[in-house]
J.: 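Pasting in a structure now, in structure tokens, and then I'll have a few things to ask.
Quick note: numbers below take in every heavy atom, side chains included, and nothing from hydrogens, waters or symmetry partners.
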There are 2 protein chains.
Amino acid sequence: MNIGDAARASGVSAKMIRYYEETGLIPPAARTAAGYRVYGDQDVHMLRFIRRARDLGFSVEGIGELLSLWRDQSRQSADVKRLALAHVADLRRKIRELEDMAQTLETLAACCHGNDRPDCPILQELEAPAAPDAPAAPRPGAVRRPGPARA
Amino acid sequence: MNIGDAARASGVSAKMIRYYEETGLIPPAARTAAGYRVYGDQDVHMLRFIRRARDLGFSVEGIGELLSLWRDQSRQSADVKRLALAHVADLRRKIRELEDMAQTLETLAACCHGNDRPDCPILQELEAPAAPDAPAAPRPGAVRRPGPARA
DNA sequence: ATGGGGCTTACCATGGTTGGAAGGTCAAGG
DNA sequence: CCTTGACCTTCCAACCATGGTAAGCCCCAT
């Protein structure tokens, strides 16, 4: 099976398969004499595992840990569970940040007439953040920007 | 005022101020004879505006649109509101995606004994996604990965 | 005048993924 | 045998926002 077939069968693009190999997430594939990568059903199985973990928002690093547990026949399910719940906590933290932003903006938008006049509480709030005690409008620095969010 | 002072006063790092200038988000700062960037209170005001918009999760592109409305004295508040609500919709979409992931994982984790035995429903689900009808476990492809999420 | 800190530009890295270019390989059809 | 087209290979660049680092210049205070 060539990389294209493996990609179609697993849902992981050929590009990403090569990337995962390069970064050591998956072992180097066997090669034909011409240098083509060759994959078997087992490989596709692993790639699908990876795809599914990505769908659940795991980072590549996290997937690496999941994979090693997956391969480890003497694993303890407690370890898997811990990994999963840690990721859930990450997700919930991110959700809270986004939710805060959405609520602040919604509150502001609700105060905005949304007509053809220029005055707008949204712009006002951006200029000069509201009082520190207003929960919907944290002062600068209170909200941690999510950064290059990886999920 | 040098760039360091402007950074401290606005909460935007000197690095990012230069980046914003380079990418055209803000106009080039005035320079001293020695080439130092010089900022005034107005500039700091604008930088704080940008900082606040970033805190609310706007992309740099979105901030550019906000800035042009901010500067446009003949703006219509409806335009600002539309921008804000579009961003809220973005946030909510992202929140939903993350929430789906978190719930799927939590459900799986709840089924996992979390003991010293190797059998684990989490790994099982990653290997072979559950039935298509289970809402907490969409088939591969049903969950759109957010990609290089920009907020 | 010398030292320390600030400023300048320029480059590298992150994370995950996509895109392209340039070139080799394979299978089918003429 | 040759062409064509689909596939594969490697390498390089880009995205977004940010942090870091390094070499070199500048300014101020001692």
J.: Relative to the 5' end of DNA chain C, which residue comes earlier, A:Val60 or B:Val38, by the nucleotide with the nearest heavy atom?
T.: B:Val38
J.: Closer than 4.0 Å, any side-chain N/O of B:Arg54 to the OP1 or OP2 of D:dT18?
T.: yes
J.: Is any side-chain heavy atom of A:Met46 closer than 4.5 Å to one of A:Arg71?
T.: yes
J.: Can you tell me the distance, in whole Å, between the OH atom of B:Tyr39 and the P atom of C:dG6?
T.: 16 Å
J.: Please name the pair of heavy atoms, one in A:Thr32 and one in A:Val38, separated by the smallest distance, quoted to 0.1 Å.
T.: CG2-CG2, 3.3 Å
J.: What are the two closest heavy atoms between A:Ala78 and B:Gly114, and how far apart are they?
T.: CB-O, 3.3 Å
J.: Could you state the atom-to-atom distance from CD of A:Glu21 to C1' of D:dC8 in whole Å?
T.: 13 Å
J.: Atom OH of A:Tyr19 to atom P of C:dG16: distance rounded to whole Å?
T.: 6 Å
J.: For A:Ile50 and C:dG16, give me the distance from atom CD1 to atom P, rounded to whole Å.
T.: 12 Å
J.: In whole angstroms, how far is the P atom of C:dC7 from the CE atom of B:Met1?
T.: 12 Å
J.: Is B:Thr32 touching bases, backbone alone, or none of the nucleic acid, heavy atoms closer than 4.0 Å?
T.: nothing
J.: Checking the side chain of A:Arg75 only, and the main-chain atoms of A:Leu69 only, is there a donor and an acceptor separated by less than 3.5 Å?
T.: yes
J.: For D:dG19, does either OP1 or OP2 sit under 4.0 Å from a side-chain N or O belonging to B:Ser13?
T.: yes
J.: Does OP1 or OP2 of C:dT9 have a side-chain N or O of B:Arg31 closer than 4.0 Å?
T.: yes
J.: Quick one about B:Asp119 and A:Ser77 (side-chain donor to acceptor, distance below 3.5 Å, no hydrogens or angles considered), yes or no?
T.: no
J.: Quick check for you: among C:dT9, D:dA17, C:dG16, whose closest atom lies nearest to any side-chain atom of B:Arg37?
T.: C:dT9
J.: For the side chain of A:Ile3, starting at C-beta, report the closest nucleotide among C:dT17, C:dT8, D:dC8.
T.: D:dC8
J.: Can you measure B:Asn2 atom CG to C:dG5 atom C1' for me and round it to whole angstrom units?
T.: 12 Å
J.: Whole Å only: how far is the NZ atom of B:Lys15 from the P atom of C:dT14?
T.: 16 Å
J.: For DNA chain C, whose closest nucleotide is more 5', that of A:Ala34 or that of B:Asp5?
T.: B:Asp5
J.: Could you tell me whether A:Arg18 contacts a base, only the sugar-phosphate backbone, or nothing, with contacts defined as non-hydrogen atoms closer than 4.0 Å?
T.: base
J.: For B:Glu61 and for B:Ala33, find the nucleotide of DNA chain D with the closest heavy atom, then tell me which residue's nucleotide is more 5'.
T.: B:Glu61
J.: Within this structure, what is the CD-to-C1' distance between A:Glu22 and C:dG16, rounded to whole angstrom?
T.: 13 Å
J.: For C:dG24, does the base pair up with any side-chain atom of A:Tyr36 as donor and acceptor (N or O, under 3.5 Å, distance only)?
T.: yes
